[in-house]
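Predicted model, so just to flag it, every value in this text is computed and none were measured.
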Amino acid sequence: MQLSKPQDLFSLASGDTVSKRNLFDLIQYSKVDSSPYWSGPDFKIGNTPQQGINWVGNLPSVKAVIIKTRPGSYEEDGWSDDDKSAFHYSFKARNGKVNYREKANDVLIKQPQHLYPIILFTESKKEWRYEGNFSVSEIENNFVVLARKDLSTENATDNQDEAVYQEGERRYVTHLMAERSKDVVSAAKSATSWVCEICSMNFYDEYGVKYIEAHHKTPIFTYSWKYIIKPQDLALICPNCHRAVHIYMKSSGLEYDEITKILVPMANKRMLLE
């Protein structure tokens, strides 16, 4: 497949191949407004074409992360199963040390918060093979685990905020969709009624089932030391408000308390109209 604009990356089908020259030029010249690859500042591809990690746009509005990997480049890199549902990918390191704040690593760490796709390419002779659309499912000291999105979209959506990051001595440990993170969520849910903190909808009264979603008030990637999540760190909100909060976080970078100042009046106005 020939890529003419950065937007073409989102039209790839698993198994498609792109020439190394084509992808190199797309990354290199997406930054040049006089080039045929230019699609505006929001679609500039960051980092140089020679690097393994590139990104489309800038945080908090990254549209995608591009990963290009060659077999054997790093010890940790490679598929974790025969079904190719998960891939281990190493953080960028200098002299064996990982700087988690370096942009190339930062866009991986923040992917679970902003939910932009990770476009994975593996080397195939003179071409790059598109392996699919992935998300970060685990973060370890030196690598991330990328899970294929089309195999776990439903679970990832339901549990994206049940992640626990513990950081100490520059160590990141997370288990998205993991049992460990569910304890505090269960405690928070059992300690309150099933009413959304933003729109005041009672899920039980509305649908006859007890359900609410938990949202970390402080983004988990911002913790700079080992931190144990407590029930009061979570907001309990309905699925609609939860999705709205994530959209505002992704598009504006606002924190939860700032977003509620926008959404609560909107919800109150809607209730008056009804």
Determine whether a donor-acceptor pair (N or O, by modelled atom type, separation under 3.5 Å) exists between the side chain of Asn22 and the backbone of Ser19. no
From Ile67 atom CD1 to Asn54 atom CG, the distance as rounded to the nearest 0.5 Å: 9.5 Å
Less than 4.0 angstrom from a charged side-chain N to a carboxylate O is my criterion; do Arg129 and Glu131 meet it? yes
From Lys261 NZ over to Glu258 CD, what is the distance, rounded to the nearest 0.5 angstrom? 6.5 Å
With Asp25, which residues qualify under side-chain hydrogen bond (donor to acceptor under 3.5 Å, both in side chains), at least two apart? Arg21
How many angstroms lie between CG in Leu23 and OG1 in Thr17, if you round to the nearest 0.5 Å? 11.5 Å
Pairs involving residues 28-46, ordered by first then second residue, that meet side chain to side chain donor-acceptor pair (under 3.5 Å) (sequence neighbours left out): Gln7-Ser39
Ignoring hydrogens and angles, tell me if any N or O in the side chain of Glu255 forms a donor-acceptor pair with the backbone of Lys217 under 3.5 Å. no
Over 12 non-hydrogen atoms of neighbours within 6.0 angstrom of CZ in Phe10: yes
Any donor-acceptor pair under 3.5 Å from Lys126 side chain to Lys20 backbone: no
Look only at the side chain of Ser137 and the backbone of Val145, and say whether a donor-acceptor pair between them is shorter than 3.5 Å. yes
How close do Phe91 and Val144 get, counting heavy atoms only, and between which atoms? CZ-CG1, 3.5 Å
Using 30° and 60° as the class boundaries, would you call the ring planes of Phe143 and His88 parallel, tilted or perpendicular? parallel
What is the distance from atom CZ of Phe203 to atom OH of Tyr211, rounded to the nearest 0.5 Å? 7.0 Å
With sequence neighbours left out, what residues match Ser11 under side-chain hydrogen bond (donor to acceptor under 3.5 Å, both in side chains)? none
